[in-house]
Asker: 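I have a structure here, written as structure tokens, and I will follow up with some questions on it.
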Amino acid sequence: SLDAGYDFTITSKLSGSISANKSFYNDNSNNVSSDIGAGLSAGLTYDFNILSLRAGASLSFASKTDVGVTISADHAFYFGENDKQWSITPTATVNLNTLNFYEGYTNNVNGKKQIKKDPLITSVSSTTVITNKSANQLTLMDYEISIPVSYDTKKWGIYFTPTLAIPQNPIYTKTTSVIKLRNGNTVTPPATDSTPDSEKNLSSTFYAEVGIYFKF
């Protein structure tokens with residue numbers, strides 16, 4: 001991915017940021033975000049001293065454009081000198097999003113899995129649609145609890161962010177297949193429920209991100 005952003009200060013308590021992202025995925029990627037090619041985001045942060053509250057909005061450009069909203073609260077603890085400083089920032093986050101990206105992702109995956117098991121079949125193509133009534137509305141995706149840890153110097157820095165994600169709303173889908181036969185006919189079986197078991201039985205996920213950066 002390529003990222004660019006700008007941070008700015010409005011008052012001693014209020015600050016903001018804007019950023020843009022361009023993502024590149026391998027054609028065989030099964031990443032659920034692989035249909036998203038680019039995005040724009042903006043946010044405002046207010047420091048209440050006890051905690052900082054941030055509200056942000058984003059646009060994700062895929063087969064259809066998605067809108068996202070993120071609300072988070074955190075408090076940072078700093079240790080060390082300014083040019084060699086550790087920070088620990090316990091953070092709680094709520095994510096809301098429209099669901100078009102998931103529909104694009106499933107269609108990409110289906111397209112990569114076209115099969116020809118029967119000698120009478122020349123191709124099988126599938127289209128998946130989301131059946132949630134709120135598919136085009138902001139949907140509560142998850143709650144997240146994270147504890148970012150970073151070490152920052154004048155020239156470089158490292159960070160480690162462990163996160164517990166607690167999903168809230170499953171995404172239900174149905175899939176329609178189009179079968180083309182060697183005799184030229186086309187068969188369209190009835191649509192089937194293609195909601196994966198992982199969506200029907202949502203469970204919390206723990207993951208971590210680690211990175212290093214350099215300043216110029």
Side-chain angles (χ1 to χ4, degrees), residues 1 21-41 56-71 93-146 162-209:
S1 65
N21 165 272
K22 173 62 179 175
S23 300
F24 304 89
Y25 291 91
N26 182 284
D27 288 340
N28 295 318
S29 174
N30 285 324
N31 189 307
V32 73
S33 300
S34 58
D35 190 49
I36 300 174
L40 296 173
S41 62
S58 64
L59 293 175
S60 300
F61 303 107
S63 300
K64 300 178 182 178
T65 300
D66 273 309
V67 177
V69 173
T70 299
I71 301 172
T93 304
V94 177
N95 292 302
L96 301 95
N97 218 87
T98 53
L99 308 177
N100 295 315
F101 73 96
Y102 190 84
E103 190 171 288
Y105 155 75
T106 54
N107 283 328
N108 281 343
V109 170
N110 285 331
K112 297 165 190 171
K113 292 182 177 180
Q114 290 183 358
I115 56 174
K116 300 177 182 179
K117 294 182 178 180
D118 192 317
L120 298 178
I121 297 175
T122 58
S123 68
V124 178
S125 60
S126 301
T127 301
T128 298
V129 297
I130 296 172
T131 58
N132 297 52
K133 293 182 180 179
S134 59
N136 295 315
Q137 302 174 5
L138 283 174
T139 301
L140 175 60
M141 301 300 292
D142 72 345
Y143 300 109
E144 295 183 6
I145 300 172
S146 61
T163 302
L164 176 65
I166 307 170
Q168 294 302 300
N169 289 297
I171 302 174
Y172 300 104
T173 59
K174 66 177 180 180
T175 298
T176 301
S177 297
V178 177
I179 303 172
K180 293 184 178 180
L181 304 177
R182 293 191 181 279
N183 61 10
N185 293 333
T186 299
V187 179
T188 304
T192 59
D193 179 0
S194 56
T195 307
D197 291 338
S198 59
E199 285 294 321
K200 295 177 180 178
N201 303 285
L202 293 177
S203 60
S204 298
T205 300
F206 176 81
Y207 63 94
E209 180 181 4

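For reference, positions follow the sequence shown, starting with 1. Hydrogens, waters and symmetry mates play no part in the numbers below; they use all other heavy atoms, side chains included.
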Asker: Measure across Ser204 and Pro167 and return the closest heavy-atom pair with its distance rounded to 0.1 Å.
Answerer: CA-CD, 3.8 Å
Asker: Is the shortest side-chain heavy-atom distance between Pro189 and Ile179 below 4.5 Å?
Answerer: yes
Asker: What do the steps show when you test Met141 against Val69 for side-chain contact (heavy atoms from CB on, under 4.5 Å), and what is the final call?
Answerer: CA-CA 10 Å; Met141 301 300 292; Val69 173; over 6 Å; no
Asker: Can you tell me how far the CG atom of Asp193 sits from the OG1 atom of Thr131, to the nearest 0.5 Å?
Answerer: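 Going from CG on Asp193 over to OG1 on Thr131, the span is 7.0 Å.
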Asker: Please round to the nearest 0.5 Å and tell me the distance separating atom OG1 of Thr98 and atom CG of Leu59.
Answerer: 9.0 Å
Asker: Side-chain contact test, heavy atoms from C-beta onward, threshold under 4.5 Å: evaluate it for Thr128 versus Lys174 and give yes or no.
Answerer: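 No, too far: nothing below the 4.5 Å cut-off.
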Asker: In sequence, state the C-alpha distance, the side-chain angles, and the governing distance for Asp66 and Asn97, and then conclude on side-chain contact (heavy atoms from CB on, under 4.5 Å).
Answerer: CA-CA 7 Å; Asp66 273 309; Asn97 218 87; 3.8 Å; yes
Asker: Quick one: side-chain hydrogen bond (donor to acceptor under 3.5 Å, both in side chains) partners of Asp197, sequence neighbours excluded?
Answerer: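 For Asp197 there are no side-chain hydrogen bond (donor to acceptor under 3.5 Å, both in side chains) partners, ignoring immediate neighbours.
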Asker: Out of curiosity, Phe206 CZ to Ile166 CD1, how far, rounded to the nearest 0.5 Å?
Answerer: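 With rounding to 0.5 Å, CZ (Phe206) is 12.5 Å from CD1 (Ile166).
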Asker: Consider only side-chain N and O atoms of Asn95 and Thr93, and report whether a donor and an acceptor are under 3.5 Å apart.
Answerer: no
Asker: So, taking the atom named CG in Asn169 and the one named OG1 in Thr139, what distance separates them when rounded to the nearest 0.5 Å?
Answerer: 6.5 Å
Asker: What pair of heavy atoms forms the shortest contact from Val94 to Leu96, and how long is it?
Answerer: CG1-CD1, 4.0 Å
Asker: Check whether the side chains of Ser194 and Thr175 place a donor and an acceptor atom closer than 3.5 Å, and report yes or no.
Answerer: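 Distance-only check passes for Ser194 and Thr175.
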Asker: Which pair of heavy atoms, one from Lys200 and one from Thr195, lies closest together, and at what distance?
Answerer: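 Closest approach of Lys200 to Thr195, heavy atoms only: CE-O, 3.4 Å.
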Asker: If you draw the axis of the six-membered ring of Phe24, does the NZ or CZ of Lys22 fall within 45° of it and under 6.0 Å from the ring centre?
Answerer: yes
Asker: Please report the closest heavy-atom contact between Asp142 and Gln168, naming both atoms and the distance.
Answerer: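 Closest pair (atom of Asp142, atom of Gln168, distance): CA-CG, 4.1 Å.
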Asker: side-chain contact (heavy atoms from CB on, under 4.5 Å) for Leu164 and Tyr207? Distances and angles first, verdict last.
Answerer: CA-CA 7 Å; Leu164 176 65; Tyr207 63 94; over 6 Å; no
Asker: With a 3.5 Å distance limit and no angle check, can you tell me whether Ser60 reaches the backbone of Ser58 through a side-chain donor-acceptor pair?
Answerer: no
Asker: Taking all non-hydrogen atoms of both residues, which atom of Tyr172 and which atom of Asn132 are closest, and how far apart?
Answerer: N-OD1, 2.7 Å
Asker: Indicate the atoms forming the closest heavy-atom contact of Leu138 with Gly68, along with that distance.
Answerer: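 That closest heavy-atom pairing would be CD2-CA, 4.4 Å.
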